[in-house]
There are 2 protein chains.
Amino acid sequence: MTPTPCSSVAFLIDDDEAVRDALSWLLRSRGIPSRDWSSAEAFLTDYSPQMQGCLVVDIRMQGMTGLELFDRLRDLECRLPIIFLTGHGELSKAVQVLKQGAFDFIEKPFNDNELADRVLEAITWDEARRTRGQQSHAIHNRLRSLTSREKEIMARIIKGQMNKIIADELNIAMRTVEAHRSHVFEKMGVKSAVELATLLAENGISVSF
Amino acid sequence: MTPTPCSSVAFLIDDDEAVRDALSWLLRSRGIPSRDWSSAEAFLTDYSPQMQGCLVVDIRMQGMTGLELFDRLRDLECRLPIIFLTGHGELSKAVQVLKQGAFDFIEKPFNDNELADRVLEAITWDEARRTRGQQSHAIHNRLRSLTSREKEIMARIIKGQMNKIIADELNIAMRTVEAHRSHVFEKMGVKSAVELATLLAENGISVSF
DNA sequence: TTTGGAGTTACGGTTATCCACAATGTTGTT
DNA sequence: AACAACATTGTGGATAACCGTAACTCCAAA
């Protein structure tokens, strides 16, 4: 495994202090920094979208359960990978949360090596997700800088329509389409329609304007 | 739920005849056709890639277990969705197979409605997958019809390179590039480089030639 | 009222694409 | 040897893309 960057942290949430301590110790011994909270509520008050790394959450806690926390974080559009811990072998819940996108589900008592590996996997996954997100974010920023007319012309360009056709359909001069087209390329940071189409398709963006 | 097309079938694999009968009856009452086998081995001898629908497999059977069947089907590149049944609440196995791509994991005794719904979901998913697969297959057929030189030119086209540049880099006449380019468009069924780039990117195809 | 962004358009020109028709050389198969 | 597929190139022309420069209008914010 690669050494963990200091920017990624394991966020531990469990109402059993002994478990938190054991986890902290385990992860520290692997070079993984961690922070811990004794309840989902406490974590939520501290939560910020800047946090990066992964969550390790006991599914059964006083007050808000791990499942409820999961839902709440989804509402906040939090995409941090979550590893659930359970001491009760609740299979149906495991299946449910995994299908909803939880990263992993581990029974207590857990194997130390396995847990640490999962945490590392989750952190790695989160970093990859974050990188993808930045790419996508940059593109969306560029898209937002387009005027609505430019977006409309762009949508037609990537459908393969020629300037002449676009001009006819929008009842404007071809030269105008050319001007918009040029602006679109400049703002989107590409040099051709091909590059533009590839950029958008690779990021799953369909322009409807 | 939409009525189940007769082409999709639930394939039931369980060494307990009573379970098979109960499942068959349940599914038939919902209009879902099914076939059943008493062992993974028996299913494998009958298996064909033409089968469409979903599998419902008891995880613990005499001889080959459900998990082993899962692996075996993966080797055969079978993409049928699999719903596992278990009577023993084996959480760690549930987590494992779900992360490997199993469709669902249901504890016995199961709720009839729930199981039938899952089977329908799985069948629907399989049909969608099959549709996507056909699209992708058609594109790959077209890609295979390209000569290696044409693939090389195509790779450069979708990078946004101009004919002139391509000609220079390959030390051939521009006219030759034009000829290849024209063939590529014709064989791939598109009318412009933009359509080609979109087609490939949307299907996650990166051309390296 | 002034300023500025957005949308629009024209002129004149360069470059690139696309195409029909025609042809040559190479390679591998039958 | 004969044939087919492939890669190659040419001529000449129609069509489209691209660009710099320069306006004009509309509209909203300062």
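Fair warning: this is a prediction, and the values are worked out from it, not measured in the lab. We name chains A, B, ... by the order of the sequence lines, and we start the count at 1 in each one.
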Keeping A/Asn203 on the side-chain end and A/Ile205 on the backbone end, is there a donor-acceptor pair under 3.5 Å? no
Could you pull out all residues at least two apart from A/Lys191 that satisfy side-chain hydrogen bond (donor to acceptor under 3.5 Å, both in side chains)? none
With the threshold set at 4.0 Å, does a side-chain nitrogen-carboxylate oxygen contact exist between B/Glu178 and B/Arg181? no
Could you list all the salt bridge (Lys or Arg N to Asp or Glu O under 4.0 Å) pairs where at least one residue sits in residues 31-46 of chain A, not counting sequence neighbours? A/Arg20-A/Asp36
Would you say A/Asn163 reaches D/dA17's phosphate, i.e. side-chain N/O to OP1/OP2 under 4.0 Å? yes
Using the heavy-atom set of chain A and a strict 4.0 Å cut-off, write down the first and last nucleotide of DNA chain C that makes it in, 5' to 3'. C/dA6 to C/dC11
Which atom pairs, donor and acceptor, lie under 3.5 Å between side-chain atoms of residues 62-69 of chain A and protein residues at least two apart or in another chain?
residue	atom	partner	partner atom	Å
A/Thr65	OG1	A/Leu67	N	3.4
A/Thr65	OG1	A/Glu68	N	3.2
A/Glu68	OE1	A/Thr65	N	2.9

For B/Arg28, check side chain to side chain contact (heavy atoms under 4.5 Å, CB included) against everything at least two apart and list the hits. none
Rounded to the nearest 0.5 Å, what separates atom CG in B/Leu199 from atom CZ in B/Arg142? 8.0 Å
Could you run through nucleotides 7-14 of chain D and give me one letter per nucleotide, 5' to 3': B if any protein heavy atom sits under 4.0 Å from the base, S if only the sugar-phosphate is that close, - if neither? SSBBB---
Under a 3.5 Å cutoff, is there a donor and acceptor pairing between the side chains of B/Arg30 and B/Asn113? yes
